[in-house]
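First comes the structure, then the notes that go with it.
A note on names: the letters A, B, ... follow the listed sequences, proteins ahead of strands, and every chain is numbered from 1.
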2 protein chains.
Amino acid sequence: MDNNEIEKKLESKNVKPTAMRTLVYKTLTDSGKALSLADLEQRFEKVERSTIFRALKTFEDNFIVHSVDDGSGSVKYAVCDEDCTCNIHDLHVHFYCTRCGRTRCMKELPIPNIKLPEGYTYDNAQFIINGVCPRCD
Amino acid sequence: MDNNEIEKKLESKNVKPTAMRTLVYKTLTDSGKALSLADLEQRFEKVERSTIFRALKTFEDNFIVHSVDDGSGSVKYAVCDEDCTCNIHDLHVHFYCTRCGRTRCMKELPIPNIKLPEGYTYDNAQFIINGVCPRCD
DNA sequence: TTAAACTTTGCAATAGTGTTGCACTAACTT
DNA sequence: AAGTTAGTGCAACACTATTGCAAAGTTTAA
Ligand SMILES: [Mn+2]
Ligand SMILES: [Mn+2]
Ligand SMILES: [Zn+2]
Ligand SMILES: [Zn+2]
């Protein structure tokens, strides 16, 4: 994805496309998997952890990325679909490969609708499947 | 649950029922919800974090408790059912209340069976629902 | 065009969780 | 009773996440 497209994208979500943000977004979208703060930090030596952290938070607040707690000990971030508002209808299963540590959005697998007992409300959900991915098998 | 029962329980799972372990187990089972290491630590001032930690690991290794990563930042632990071997058939949904922070096993809601794309294996899963519990509503 | 106002970034510090090595003590074995 | 094994407490450490503050950059409005 080229920088121009990315800038448009961020602007369309009311986020000013600074150099850092563009870089973070580009890295996330190009990687094709979910990345942690530490993953991102490694990929560009020079940039401060806190800057990346704040870029991610800004993205998350504006439905540009969503976070996944895959149980690996660090939260990962993945780009949202175009029209995502991070609500129940946008939720999907995430797959965590216990061999390579890759976490992938399974956008083709929406989180199944569960009927909760009386009295519980349902705001959000995480459904993480652990196993071995095709690459590692 | 009285200490005698707990000791029987632990022995039946090949874990020597020390004073600390019995205490940890009792606290977990009496609380009726999932507790974190920090939660447990608080409940008994005197006992070392690492001792509780190791008790929990031992329990987990022996299918006495299972852990839940509810996204709150600390892993929680809950007692397993009698015949649990912590495999796919024992997996159930967990509910995390965003108001009170309580995490509850929903043993009545098994994790739905998902058909993964070709090439993925399925070893384990976590399905966490976030919302508001009846107490807090 | 320049000064004021606001936003973003870098740095340093901090809190919290999880984890381990090591020495001491308790329990079990012979 | 002496030797061996298992459990506990303490201290240290690694790592993630998060924040205050000051410097740098950008935008706005005189
Ligand atoms: Mn995703
Ligand atoms: Mn449970
Ligand atoms: Zn893999
Ligand atoms: Zn609640």
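- Across the protein-nucleic acid pair, Asn62(B) atom CG and dA6(D) atom P stand 14 Å apart, rounded to whole Å.
- Side-chain nitrogen and oxygen atoms of Lys57(A) include at least one within less than 4.0 Å of the OP1 or OP2 phosphate oxygen of dT18(D).
- Using bins of under 30°, 30° to 60° and over 60° for the plane-to-plane angle, the ring pair Phe59(A)/Tyr25(A) lands in the perpendicular bin.
- Residue-level contact check: Arg21(B) touches the backbone only, with heavy atoms under 4.0 Å from sugar-phosphate atoms and none from bases.
- In the set dA6(D), dG9(D), dG18(C), dG18(C) carries the atom at the smallest distance from any side-chain atom of Phe53(B).
- Checking dT17(C), dT8(D), dG10(C) against the side-chain heavy atoms of Thr51(A) singles out dG10(C) as nearest.
- Going from atom CE of Met20(A) over to atom C1' of dT7(C) covers 15 Å, rounded to whole Å.
- Remark: Thr18(A) is not in phosphate contact with dT8(C), judged by side-chain N or O atoms under 4.0 Å from OP1 or OP2.
- Ile114(B) places a side-chain heavy atom less than 4.5 Å from the side chain of Pro112(A).
- Applying the 3.5 Å distance criterion, the base of dC11(C) shares a donor-acceptor pair with the side chain of Ser50(A).
- Within the 3.5 Å criterion, the main-chain N or O of Ser72(A) finds a donor-acceptor partner in the side chain of Asp70(A).
- Contact of Arg54(B) with dG18(C) (side chain to base): no donor-acceptor pair of N or O atoms is detected under 3.5 Å.
- What separates CD1 of Ile52(A) from P of dA17(D) is a distance of 12 Å, to the nearest Å.
- One finds the NZ atom of Lys26(B) at 12.0 Å from the CZ atom of Arg43(B) (value rounded to the nearest 0.5 Å).
- For the pair Leu23(A) CG and dT8(C) P, the computed distance is 16 Å after rounding to whole Å.
- The listed nucleotides are dT18(D), dG9(D), dC28(C); the one nearest the side chain of Arg49(A) is dT18(D).
- With DNA chain C read from its 5' end, the first of the two nearest nucleotides for Gly73(B) and Glu48(B) is the one closest to Gly73(B).
- Between Ser74(B) and Leu37(B), the closest side-chain pair of non-hydrogen atoms is not below 4.5 Å.
- Closest to the side chain of Ala38(A), out of dT19(C), dT16(D), dG10(C), is dT16(D).
- Phe59(A) has its CZ atom 11 Å from the P atom of dT8(C), to the nearest Å.
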